[in-house]
Protein chains: 2
Amino acid sequence: MNRKPPTSQKRLAGSRERQASKADQVYREIKHSILSGALSPGAAIDKIALCERLGVSRFPVTAAINRLAFERLVVIEPQHGSFVARIASRDVREWMLIRRALESEIAREAGRALPAEIMGEIERNLRYQQAAAAAGDVAGFYALDVDFHKLIVDGLGLKQAREILDGLRSHLERVRRILLSPPGRLPSAYSEHSRIAAAIGRGDAAGAAEAMRAHLDETTAIFERIAADHPETFIG
Amino acid sequence: MNRKPPTSQKRLAGSRERQASKADQVYREIKHSILSGALSPGAAIDKIALCERLGVSRFPVTAAINRLAFERLVVIEPQHGSFVARIASRDVREWMLIRRALESEIAREAGRALPAEIMGEIERNLRYQQAAAAAGDVAGFYALDVDFHKLIVDGLGLKQAREILDGLRSHLERVRRILLSPPGRLPSAYSEHSRIAAAIGRGDAAGAAEAMRAHLDETTAIFERIAADHPETFIG
DNA sequence: CTCTAGCGTCTGGCATGCTAGTGCGATAAT
DNA sequence: ATTATCGCACTAGCATGCCAGACGCTAGAG
């Protein structure tokens with residue numbers, strides 16, 4: 001008997017959340033370890049230890065590592081081992097180039113048509129940013145910073161771009177964790193964010209794109225300086 | 001005994017081509033079937049038949065399908081089946097938006113600094129395009145079109161962007177195969193390509209970005225019209 | 001005739017054992 | 001002491017068997 005394609009739209013679409021498989025859990029666990037820095041670049045990943053620690057067989061672990069290899073967070077060397085990917089400063093530059101291209105285009109789109117309620121959320125986020133910057137709350141500001149950028153993308157319903165940007169952020173996050181960014185940047189980052197939001201708010205598409213570009217150019221410069229100051233952390 | 005991270009740069013880097021694993025072969029096989037249209041959107045993928053036809057066990061097939069699910073070419077419904085992903089016209093629009101953002105930024109970069117020998121290859125490619133357009137050779141022109149865009153990205157050594165764009169092209173290629181694009185577009189596509197190359201050649205970064213943007217806006221319009229003419233092929 | 005409840009069959013998810021290939025280290029030869 | 005060689009221990013890749021869940025069909029109740 002042949003099974004059918006999903007009849008009409010339906011099924012568990014939205015209604016029931018498909019529970020996370022074991023492979024998903026292992027994936028999240030390893031990914032978190034890598035992003036938090038618990039697993040350093042170049043470190044070997046001991047599958048068997050993971051199996052025992054998480055109480056699963058090698059199958060979910062293998063699947064999870066394959067997924068991580070697909071997004072370039074680990075490299076698999078056949079018949080040798082799996083290792084946490086090293087960071088090449090060349091790649092960091094390219095990630096920022098891609099991010100700049102995407103986010104400035106998205107800001108342009110947002111300047112053309114962004115739902116009003118999203119604009120309200122952005123303004124609220126900005127007020128929190130101001131508070132966090134004033135208090136020198138680096139961790140809080142960073143979380144708000146990430147939310148700010150996500151709000152714009154999600155506000156336009158751009159799912160694919162959101163995924164690409166999340167992937168880029170994963171890699172960049174790893175750099176940021178290892179080498180903390182300077183706290184003195186908070187106020188200027190806040191004002192750059194404000195300029196972006198203002199341009200979007202007044203429907204100035206070109207201005208929004210340009211403001212986002214300038215903002216990410218600044219961010220790129222920070223990464224460049226960090227990389228130059230810590231040459232031992234990078235390859236290439 | 002703990003294994004070590006890859007000693008210095010090392011190993012089979014470039015020297016020995018790492019042979020394709022069975023999972024890789026299966027991956028390529030299925031992907032080709034999907035992109036060529038042999039497997040229609042929504043079709044069920046029969047793992048066991050694939051196992052027998054390719055003479056492998058279910059493991060490589062499962063790994064391959066997982067990878068394809070990761071790049072959204074198939075959807076896995078747990079305990080039910082694996083299906084070729086359907087195409088949403090909304091996604092097509094977003095793919096083109098991402099492509100426009102990336103490629104126009106890359107064209108800008110190319111206008112700033114593109115190696116001379118790459119520029120030579122591009123000009124050669126353009127001459128072939130002209131010949132193909134004059135002869136009405138649609139298939140040949142399409143191949144040259146793809147190469148034209150790849151030449152610019154690869155000429156700048158942008159590996160990550162190249163991968164993202166290849167992923168996008170996979171999806172868009174599927175649309176193009178199903179619904180052939182109008183042959184009358186060849187000459188105009190050629191002249192748009194020429195404008196892009198000319199701007200890059202004279203080091204006009206802003207002009208190159210703008211020409212690429214205009215070119216992909218045209219392409220987007222084609223896709224939009226195709227989608228409007230064939231509403232039954234798309235969902236959403 | 002309609003609707004519901006249960007069963008059967010198919011699927012993907014997972015566990016486990018085996019194979020082939022790799023780098024490292026010890027040992028031997030110079 | 002230095003270098004070449006061989007073996008060993010470990011890895012990822014693969015095959016296979018089992019399990020639980022989801023869908024479709026059917027039989028029975030209304």
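Note: hydrogens, waters and symmetry copies are ignored here, and every other heavy atom, side chains too, is used. Just so you know, these numbers come straight off a predicted model, no measurement behind them. Letters A, B, ... mirror the listed sequences (proteins, then strands); counts begin at 1.
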Would you kindly give the CG-to-P distance between B/Leu50 and C/dT11, to the nearest whole Å?
-> 12 Å

Taking CD1 from B/Ile76 and C1' from C/dC10, how many angstroms apart are they, rounded to a whole number?
-> 16 Å

Round to the nearest Å and state the distance from B/Ile48 atom CD1 to C/dG12 atom P.
-> 8 Å

Between atom NE2 in B/His80 and atom P in C/dG13, what is the gap in whole Å?
-> 13 Å

Salt bridge (Lys or Arg N to Asp or Glu O under 4.0 Å) against B/Arg28, all qualifying residues, sequence neighbours excluded = none

What nucleotide, of C/dT11, D/dA12, C/dG12, holds the atom closest to the side chain of A/Ser82?
-> D/dA12

First encountered from the 5' end of DNA chain C, between A/Gln79 and A/Gly55 = A/Gly55

B/Ala69 and B/Ile76: which non-hydrogen atoms are nearest, and at how many Å?
-> CB-CD1, 3.8 Å

For A/Phe70, all residues meeting ring-ring contact (aromatic ring centres under 6.0 Å, His included), sequence neighbours excluded = B/Phe70

Phosphate OP1/OP2 of D/dC10 contacted by A/Lys47 side-chain N/O (<4.0 Å) = no

Partner set under ring-ring contact (aromatic ring centres under 6.0 Å, His included) for B/His215, not counting sequence neighbours | B/His149, B/His193

Residue list, salt bridge (Lys or Arg N to Asp or Glu O under 4.0 Å) with B/Asp147, at least two apart or on another chain | none

Salt bridge check: are A/Arg213 and B/Glu105 linked by an N-O gap of less than 4.0 Å?
-> yes

Measure the distance from NZ on B/Lys22 to P on C/dT19 and round it to the nearest whole Å.
-> 14 Å

Interatomic distance, A/Glu77 CD vs D/dT11 P [rounded to whole Å] = 13 Å

Looking only at side-chain atoms of A/Ser21, point me to the closest of D/dG21, D/dA15, C/dC14.
-> C/dC14

Between residues 57-65 of chain B and DNA chain D, which residues have a heavy-atom gap below 4.0 Å?
-> B/Ser57, B/Arg58, B/Phe59, B/Pro60

Whole-Å distance between C/dG12 C1' and B/Asn66 CG?
-> 10 Å

Counterpart residues, side-chain hydrogen bond (donor to acceptor under 3.5 Å, both in side chains), relative to B/Asp137 (two or more places apart) = none

